[in-house]
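Presented below is the structure to which this report refers.
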Amino acid sequence: MKISGRLFAVLICIFTSHVFAEAVAIADINEKILGKSLGEYGNQWWQWASSMPALESPVKDKTGLKCNVNQNGQIWFLAGGYGSSKITRTCSIPRDKYLFFPVINMLYIPVGDADLSCKQAKALAALNNDNLRSFVVSIDQHTIVNPAFHRYSSPDCFDLLSRAPKSPQSLRLYPSATDGYWVMLKPLPVGQHTIKFKAEYHNPDEAYGMMVQDIEYQIEIVESIKAPPQLKLINENKTSLDNGV
(Lines give C-alpha, C1' and ligand atoms only; values in the text may rest on other atoms or scores of the structure.)
Protein backbone atom coordinates (compact mmCIF):
# COMPACT_ATOMS: atom_id res chain seq x y z
CA MET A 1 0.00 0.00 0.00
CA LYS A 2 1.38 3.38 -0.97
CA ILE A 3 1.06 6.11 1.65
CA SER A 4 1.55 9.74 0.70
CA GLY A 5 3.99 11.86 2.70
CA ARG A 6 1.18 13.99 4.08
CA LEU A 7 -0.91 11.00 5.19
CA PHE A 8 2.19 9.39 6.73
CA ALA A 9 2.81 12.55 8.80
CA VAL A 10 -0.80 12.54 10.00
CA LEU A 11 -0.57 8.87 10.98
CA ILE A 12 2.68 9.48 12.86
CA CYS A 13 1.07 12.41 14.70
CA ILE A 14 -1.96 10.33 15.71
CA PHE A 15 0.25 7.39 16.75
CA THR A 16 2.49 9.69 18.83
CA SER A 17 -0.55 11.22 20.51
CA HIS A 18 -1.91 7.79 21.49
CA VAL A 19 1.49 6.65 22.81
CA PHE A 20 1.76 9.86 24.80
CA ALA A 21 -1.73 9.46 26.20
CA GLU A 22 -0.97 5.93 27.36
CA ALA A 23 2.37 6.95 28.89
CA VAL A 24 0.97 9.74 31.09
CA ALA A 25 -2.69 8.70 31.26
CA ILE A 26 -4.33 11.64 29.48
CA ALA A 27 -8.11 11.48 29.21
CA ASP A 28 -9.38 10.83 25.69
CA ILE A 29 -11.35 13.55 23.91
CA ASN A 30 -14.62 11.61 24.19
CA GLU A 31 -13.94 10.11 27.61
CA LYS A 32 -16.17 10.90 30.56
CA ILE A 33 -14.50 11.47 33.91
CA LEU A 34 -16.68 10.87 36.96
CA GLY A 35 -19.73 11.06 34.71
CA LYS A 36 -18.90 14.40 33.05
CA SER A 37 -17.50 15.33 29.64
CA LEU A 38 -14.31 17.37 29.40
CA GLY A 39 -16.33 20.28 28.00
CA GLU A 40 -18.36 20.31 31.21
CA TYR A 41 -15.14 20.56 33.19
CA GLY A 42 -14.21 23.63 31.15
CA ASN A 43 -17.38 25.28 32.47
CA GLN A 44 -16.57 24.16 36.01
CA TRP A 45 -12.98 25.41 35.75
CA TRP A 46 -14.23 28.94 35.06
CA GLN A 47 -16.74 28.75 37.90
CA TRP A 48 -13.89 27.67 40.20
CA ALA A 49 -11.62 30.49 38.92
CA SER A 50 -14.39 32.99 39.78
CA SER A 51 -15.16 31.55 43.22
CA MET A 52 -12.66 33.49 45.34
CA PRO A 53 -11.56 37.10 45.99
CA ALA A 54 -8.91 38.46 43.63
CA LEU A 55 -6.21 38.38 46.33
CA GLU A 56 -6.76 34.62 46.74
CA SER A 57 -6.98 33.82 43.02
CA PRO A 58 -4.80 30.92 41.81
CA VAL A 59 -4.99 32.50 38.32
CA LYS A 60 -3.48 35.79 39.53
CA ASP A 61 -0.96 34.02 41.78
CA LYS A 62 2.59 34.00 40.39
CA THR A 63 4.16 31.42 42.72
CA GLY A 64 1.72 28.55 43.34
CA LEU A 65 1.01 29.64 46.92
CA LYS A 66 -2.73 29.75 46.11
CA CYS A 67 -2.75 26.44 44.24
CA ASN A 68 -5.08 24.70 46.72
CA VAL A 69 -7.66 27.49 47.14
CA ASN A 70 -11.25 26.24 46.75
CA GLN A 71 -10.19 22.82 45.48
CA ASN A 72 -12.56 20.00 46.35
CA GLY A 73 -13.47 16.55 45.11
CA GLN A 74 -11.41 14.35 42.81
CA ILE A 75 -10.75 16.99 40.14
CA TRP A 76 -7.92 19.42 40.88
CA PHE A 77 -7.86 22.55 38.73
CA LEU A 78 -4.56 24.10 37.64
CA ALA A 79 -4.56 27.76 36.65
CA GLY A 80 -3.22 29.48 33.58
CA GLY A 81 -2.97 33.28 33.63
CA TYR A 82 -5.23 36.18 32.69
CA GLY A 83 -4.17 37.55 29.31
CA SER A 84 -0.65 36.87 27.99
CA SER A 85 1.25 35.23 30.84
CA LYS A 86 4.60 33.61 31.57
CA ILE A 87 4.41 32.02 35.03
CA THR A 88 6.21 29.29 36.97
CA ARG A 89 4.43 27.85 40.01
CA THR A 90 5.29 25.26 42.67
CA CYS A 91 2.41 23.24 44.06
CA SER A 92 1.72 20.23 46.31
CA ILE A 93 -1.30 18.11 45.36
CA PRO A 94 -2.72 15.09 47.20
CA ARG A 95 -2.55 11.75 45.45
CA ASP A 96 -5.43 10.27 43.44
CA LYS A 97 -6.50 13.62 41.97
CA TYR A 98 -7.29 14.19 38.31
CA LEU A 99 -5.55 17.35 37.05
CA PHE A 100 -7.45 19.60 34.65
CA PHE A 101 -5.95 22.73 33.11
CA PRO A 102 -6.36 25.16 30.20
CA VAL A 103 -3.54 25.31 27.69
CA ILE A 104 -5.23 28.40 26.24
CA ASN A 105 -8.89 29.35 26.11
CA MET A 106 -11.47 32.13 25.96
CA LEU A 107 -14.49 33.02 28.06
CA TYR A 108 -17.43 35.15 26.92
CA ILE A 109 -19.93 36.59 29.37
CA PRO A 110 -22.91 38.93 29.02
CA VAL A 111 -22.20 42.60 29.69
CA GLY A 112 -24.70 44.98 31.24
CA ASP A 113 -28.06 44.70 29.52
CA ALA A 114 -26.69 42.97 26.44
CA ASP A 115 -29.19 40.39 25.16
CA LEU A 116 -26.68 37.67 24.39
CA SER A 117 -27.97 34.24 23.43
CA CYS A 118 -26.19 31.05 24.40
CA LYS A 119 -25.46 30.33 20.74
CA GLN A 120 -23.88 33.77 20.33
CA ALA A 121 -21.79 33.38 23.49
CA LYS A 122 -20.44 30.04 22.28
CA ALA A 123 -19.62 31.47 18.84
CA LEU A 124 -17.77 34.44 20.35
CA ALA A 125 -15.77 32.17 22.64
CA ALA A 126 -14.59 30.20 19.60
CA LEU A 127 -13.15 33.08 17.55
CA ASN A 128 -9.54 33.10 18.73
CA ASN A 129 -9.46 29.32 19.05
CA ASP A 130 -10.10 29.09 15.33
CA ASN A 131 -6.78 30.94 14.91
CA LEU A 132 -4.38 28.92 17.04
CA ARG A 133 -0.73 29.53 16.07
CA SER A 134 1.11 27.10 18.35
CA PHE A 135 0.45 24.48 21.02
CA VAL A 136 2.74 22.30 23.11
CA VAL A 137 2.24 20.45 26.39
CA SER A 138 4.82 18.41 28.27
CA ILE A 139 4.42 16.24 31.35
CA ASP A 140 7.78 15.08 32.66
CA GLN A 141 9.60 13.66 29.60
CA HIS A 142 6.47 13.29 27.44
CA THR A 143 5.46 15.97 24.93
CA ILE A 144 2.35 16.51 22.83
CA VAL A 145 2.06 19.04 20.01
CA ASN A 146 -1.24 18.04 18.41
CA PRO A 147 -4.08 20.29 19.64
CA ALA A 148 -6.78 18.43 17.70
CA PHE A 149 -7.41 16.02 20.59
CA HIS A 150 -7.68 18.75 23.21
CA ARG A 151 -10.15 21.38 22.04
CA TYR A 152 -13.38 21.52 24.02
CA SER A 153 -16.24 24.00 24.15
CA SER A 154 -19.12 24.51 26.55
CA PRO A 155 -21.73 21.83 25.83
CA ASP A 156 -24.22 24.22 27.46
CA CYS A 157 -23.90 27.80 28.64
CA PHE A 158 -23.46 28.39 32.35
CA ASP A 159 -23.64 30.99 35.11
CA LEU A 160 -20.05 32.07 35.74
CA LEU A 161 -20.80 32.97 39.38
CA SER A 162 -22.71 29.84 40.37
CA ARG A 163 -20.09 29.00 43.03
CA ALA A 164 -20.22 32.49 44.52
CA PRO A 165 -22.05 32.91 47.84
CA LYS A 166 -25.61 34.04 47.23
CA SER A 167 -27.06 37.32 48.51
CA PRO A 168 -29.81 39.71 47.38
CA GLN A 169 -27.13 41.63 45.46
CA SER A 170 -25.54 38.59 43.82
CA LEU A 171 -24.77 38.83 40.14
CA ARG A 172 -25.80 36.14 37.68
CA LEU A 173 -23.64 35.92 34.58
CA TYR A 174 -25.62 33.76 32.17
CA PRO A 175 -25.09 32.86 29.38
CA SER A 176 -21.35 32.41 29.87
CA ALA A 177 -19.45 30.10 27.51
CA THR A 178 -15.88 28.92 27.04
CA ASP A 179 -13.94 27.43 24.17
CA GLY A 180 -10.31 26.38 24.11
CA TYR A 181 -7.65 23.76 24.53
CA TRP A 182 -7.64 21.75 27.74
CA VAL A 183 -5.91 18.70 29.19
CA MET A 184 -7.24 16.25 31.76
CA LEU A 185 -4.55 14.11 33.40
CA LYS A 186 -5.47 10.99 35.28
CA PRO A 187 -3.86 10.72 38.74
CA LEU A 188 -0.07 10.94 38.65
CA PRO A 189 2.10 8.78 40.92
CA VAL A 190 3.41 10.15 44.20
CA GLY A 191 6.57 12.18 43.66
CA GLN A 192 7.89 15.14 41.69
CA HIS A 193 6.46 16.10 38.28
CA THR A 194 6.92 18.94 35.82
CA ILE A 195 3.97 20.15 33.75
CA LYS A 196 4.48 22.79 31.07
CA PHE A 197 1.96 24.18 28.64
CA LYS A 198 2.38 26.87 26.03
CA ALA A 199 0.12 28.14 23.25
CA GLU A 200 -0.62 31.32 21.32
CA TYR A 201 -3.28 32.81 19.10
CA HIS A 202 -2.87 34.78 15.89
CA ASN A 203 -6.05 36.78 15.43
CA PRO A 204 -4.98 40.44 15.55
CA ASP A 205 -8.44 41.91 14.95
CA GLU A 206 -10.01 40.37 18.09
CA ALA A 207 -9.60 41.03 21.81
CA TYR A 208 -6.90 38.72 23.23
CA GLY A 209 -6.26 37.63 19.65
CA MET A 210 -2.47 37.70 20.12
CA MET A 211 -2.51 36.12 23.57
CA VAL A 212 0.33 33.82 24.63
CA GLN A 213 0.16 31.40 27.55
CA ASP A 214 3.47 30.02 28.86
CA ILE A 215 2.91 28.21 32.16
CA GLU A 216 5.08 25.80 34.14
CA TYR A 217 4.21 23.81 37.26
CA GLN A 218 6.68 22.06 39.52
CA ILE A 219 4.31 19.64 41.24
CA GLU A 220 4.76 17.28 44.13
CA ILE A 221 2.13 14.59 44.44
CA VAL A 222 1.88 13.77 48.16
CA GLU A 223 -0.04 11.33 50.33
CA SER A 224 -2.21 14.12 51.77
CA ILE A 225 -2.24 17.82 52.58
CA LYS A 226 -4.32 19.82 54.99
CA ALA A 227 -7.33 21.26 53.18
CA PRO A 228 -7.56 25.07 53.36
CA PRO A 229 -10.83 26.78 54.33
CA GLN A 230 -13.20 27.44 51.44
CA LEU A 231 -13.11 31.11 50.49
CA LYS A 232 -16.05 33.30 49.63
CA LEU A 233 -16.14 35.39 46.49
CA ILE A 234 -16.52 39.12 46.89
CA ASN A 235 -18.81 40.08 44.03
CA GLU A 236 -17.64 42.90 41.81
CA ASN A 237 -19.31 44.58 38.86
CA LYS A 238 -18.41 42.78 35.64
CA THR A 239 -17.82 45.08 32.69
CA SER A 240 -15.57 43.06 30.41
CA LEU A 241 -17.12 40.99 27.65
CA ASP A 242 -14.29 38.49 27.41
CA ASN A 243 -11.42 37.08 29.40
CA GLY A 244 -8.51 35.07 28.13
CA VAL A 245 -6.74 32.34 30.05
Side-chain angles (χ1 to χ4, degrees), residues 17 21 26-33 36-51 57-60 75-87 89 98-110 116 118-139 144-160 162 173-185 195-217 240-245:
S17 296
I26 291 180
D28 184 74
I29 188 170
N30 295 315
E31 188 171 354
K32 289 200 170 185
I33 302 296
K36 292 184 173 62
S37 70
L38 301 191
E40 290 177 276
Y41 284 115
N43 292 0
Q44 290 191 0
W45 184 96
W46 272 107
Q47 291 167 333
W48 164 78
S50 303
S51 69
S57 170
V59 185
K60 291 180 177 291
I75 307 297
W76 190 284
F77 295 123
L78 296 180
Y82 289 122
S84 289
S85 302
K86 182 176 177 61
I87 303 169
R89 299 182 176 113
Y98 291 85
L99 303 183
F100 186 72
F101 57 89
V103 183
I104 194 168
N105 82 102
M106 294 294 298
L107 168 76
Y108 272 81
I109 59 176
L116 189 72
C118 180
K119 183 177 180 180
Q120 289 172 316
K122 292 168 73 170
L124 290 169
L127 289 177
N128 290 332
N129 294 292
D130 290 335
N131 294 273
L132 185 71
R133 169 176 273 179
S134 66
F135 170 103
V136 62
V137 177
S138 65
I139 294 90
I144 186 169
V145 294
N146 187 347
F149 297 99
H150 300 282
R151 184 174 178 179
Y152 312 112
S153 59
S154 297
D156 296 297
C157 289
F158 59 98
D159 174 12
L160 180 66
S162 69
L173 290 178
Y174 179 91
S176 296
T178 185
D179 187 296
Y181 298 86
W182 307 78
V183 170
M184 175 74 83
L185 295 182
I195 298 176
K196 298 180 182 181
F197 46 99
K198 183 175 182 180
E200 62 179 307
Y201 295 136
H202 184 71
N203 195 18
D205 295 329
E206 295 292 335
Y208 299 97
M210 302 299 287
M211 183 170 68
V212 178
Q213 289 281 287
D214 187 356
I215 311 296
E216 178 177 334
Y217 275 90
S240 174
L241 177 63
D242 55 356
N243 292 279
V245 171

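Quick caveat, the model's predicted, so the values are computed rather than measured.
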For the side chain of [X] and the backbone of [Y], is there at least one donor-acceptor N/O pair under 3.5 Å apart?
X: Gln213; Y: Gly83; result: yes
X: Thr178; Y: Met106; result: yes
X: Glu200; Y: Met210; result: no

Would you mind reporting whether [Y] and [X] have side-chain heavy atoms less than 4.5 Å apart?
X: Trp182; Y: Tyr41; value: no
X: Arg133; Y: Asn203; value: no
X: Lys198; Y: Asp214; value: yes
X: Arg89; Y: Ile195; value: no
X: Gln44; Y: Phe77; value: yes
X: Asn43; Y: Pro155; value: yes
X: Asp156; Y: Cys118; value: no
X: Phe101; Y: Leu185; value: yes

Looking at residues at least two apart in the chain, or sitting in another chain, which of them share a ring pair (Phe, Tyr, Trp, His ring centres under 6.0 Å) with Phe158?
none
With sequence neighbours excluded, residues passing ring pair (Phe, Tyr, Trp, His ring centres under 6.0 Å) with Tyr174:
none
Considering non-hydrogen atoms only, spot the tightest contact between [X] and [Y] and give its length.
X: Asp179; Y: Ser153; result: OD2-CB, 3.3 Å
X: Cys157; Y: Ala121; result: SG-CB, 4.4 Å
X: Ala49; Y: Val59; result: CB-CG2, 4.0 Å

Set of side chain to side chain contact (heavy atoms under 4.5 Å, CB included) partners for Lys32, sequence neighbours left out
none
How about Trp45 and Asn105: does a side-chain donor come under 3.5 Å of a side-chain acceptor?
no
Determine whether the side chains of Asn129 and Tyr201 contain a donor N or O and an acceptor N or O closer than 3.5 Å.
yes
Ring-plane angle category for Tyr82 and Trp46, please: parallel below 30°, perpendicular beyond 60°, tilted otherwise.
tilted
